[in-house]
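Below: the structure, in structure tokens.
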Amino acid sequence: MSEDNTTKFLDYFAEVSPEWLLTGKGPMLKGVVVDQCSVVEESDSTVGMQLRFLQENNDLLRAKVLLLEENRLLLLREITRLGGDMEVVLSKAEWSVKASD
């Protein structure tokens, strides 16, 4: 990337750290403090608000995944209880029920 393009990029994306862009060292965004696997933003920044929003959404999605897993297990128990000629596939990659031959 040329010096002119780098300058334009940094002018347009002012929140990006020049050190990170040029060397890959340090945090990607300005004002980010890395403290043992947690990222803390300046409280008034837009980036900080976006980060908190994404963290809250991530927590909600994790809760939904747990509920879906719980529902899957309940359905598997019900399938087992009903018996029949069904083969339950337990692989996470292929959560399904197949008819046995």
Side-chain angles (χ1 to χ4, degrees):
M1 185 182 318
S2 70
E3 183 178 342
D4 186 49
N5 284 340
T6 302
T7 303
K8 287 178 184 177
F9 179 88
L10 291 171
D11 286 342
Y12 188 79
F13 297 103
E15 69 275 10
V16 173
S17 165
E19 179 185 8
W20 174 84
L21 182 64
L22 298 173
T23 67
K25 295 180 181 176
M28 183 178 85
L29 303 176
K30 293 179 184 177
V32 174
V33 179
V34 178
D35 180 28
Q36 296 179 358
C37 299
S38 66
V39 178
V40 179
E41 279 288 333
E42 297 171 2
S43 60
D44 294 335
S45 73
T46 302
V47 174
M49 291 179 353
Q50 291 172 338
L51 179 62
R52 282 187 296 282
F53 174 77
L54 291 172
Q55 287 171 333
E56 289 171 7
N57 279 341
N58 191 35
D59 291 342
L60 291 172
L61 290 172
R62 286 180 193 274
K64 285 183 178 182
V65 167
L66 290 174
L67 287 173
L68 289 171
E69 177 64 14
E70 190 175 318
N71 286 340
R72 183 183 75 85
L73 292 174
L74 290 171
L75 288 170
L76 289 174
R77 273 192 230 139
E78 184 66 10
I79 289 169
T80 303
R81 186 185 70 78
L82 293 172
D85 293 332
M86 303 294 276
E87 171 193 346
V88 179
V89 179
L90 297 175
S91 165
K92 283 190 175 186
E94 185 184 350
W95 290 347
S96 63
V97 177
K98 296 180 179 178
S100 296
D101 291 332

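Counting begins at 1 with the first residue of the sequence.
- The same ILVMFWY cluster, assembled from side-chain heavy atoms under 4.5 Å apart, contains both Tyr12 and Leu10.
- Leu21 and Met28 fall within the same hydrophobic cluster, where Ile, Leu, Val, Met, Phe, Trp and Tyr residues are linked whenever their side-chain heavy atoms come under 4.5 Å apart, directly or through other members.
- Arg72 contributes no side-chain N or O that, together with a main-chain N or O of Leu68, makes up a donor-acceptor pair within less than 3.5 Å.
- Checked against Glu69 for a side chain to side chain contact (heavy atoms under 4.5 Å, CB included), the options Leu73, Leu67, Leu66 give a single hit: Leu73.
- Considering only heavy atoms from C-beta on, Lys8 stays 4.5 Å or farther from Asp11 through its side chain.
- Lys30 contributes a side-chain N or O that, together with a main-chain N or O of Ala14, makes up a donor-acceptor pair within less than 3.5 Å.
- Connection of Phe53 to Val47 is not established within any shared hydrophobic cluster, with ILVMFWY side chains joined at heavy-atom distances below 4.5 Å, either directly or through further cluster members.
- Glu78 CD: more than 12 foreign heavy atoms inside a 6.0 Å radius.
- Across every non-hydrogen atom of Pro27 and Ser17, the tightest pair is O-CB, 3.5 Å.
- In this structure, Lys64 NZ and Asn71 CG are separated by 13.0 Å, a value rounded to the nearest 0.5 Å.
- Taken to the nearest 0.5 Å, the CD atom of Glu56 stands 10.0 Å off from the CG atom of Leu51.
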